[in-house]
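Reviewing the structure listed below.
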Amino acid sequence: MTTSIHRESGWNPNRQRLYILPMEPGDIVSQICDDADTFLAGVTRPAEARAGIEEWLTIHHARLAPADRKATVDRAMRILESEGFFQRDAGSEA
């Protein structure tokens, strides 16, 4: 599980409170699939996509546990494959 930062509404610069909220792996998978057309633009092979997703996770969720990382990548790949991502023209909108 990784985290995201939330600032209290009505933020006061003299009294800043940061909350570390856990981010569920399912939410991360949704982010990946929602953003895939952008960060995987031009990718047509699953092996390239897997590497791109790993890189995306390193950038956005570096603290994700190895087991969660693998499960997240596997789940995102299954979703992208089921949606026909790799049959489309280089990962662009069909």
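- Note: Trp56 and Phe39 have parallel aromatic rings, judged against thresholds of 30 and 60 degrees for the angle between ring planes.
- Using a 4.5 Å heavy-atom cutoff, the side chains of Phe85 and Ile79 are not in contact.
- Counted by atom type alone, Gln31 and His61 present one or more donor-acceptor pairs between their side chains at under 3.5 Å.
- Atom CD of Glu48 has more than 12 neighbouring heavy atoms from other residues, nucleotides or ligands inside a 6.0 Å radius.
- Listed here is the closest heavy atom pair of Ile53 and Ala76: CD1-CB, 4.2 Å.
- Among the candidates Asp34, Ile28, Asp35, the single residue satisfying the side chain to side chain contact (heavy atoms under 4.5 Å, CB included) test with Ile32 is Ile28.
- Across every non-hydrogen atom of Pro46 and Glu81, the tightest pair is CB-OE2, 4.0 Å.
- With respect to the salt-bridge test (charged N to carboxylate O, under 4.0 angstrom), the residues Arg78 and Asp74 do not qualify.
- Side-chain atoms of Phe86 and Leu80, non-hydrogen and from C-beta on, do get closer than 4.5 Å to each other.
- Closest approach of Gly26 and Arg75 over heavy atoms only: CA-NH1, 3.5 Å.
- Distance check, rounded to the nearest 0.5 Å: CZ of Arg45 to CZ of Arg50 gives 13.5 Å.
- When all heavy atoms of Arg69 and Leu64 are compared, the closest pair comes out as CA-CD2, 3.5 Å.
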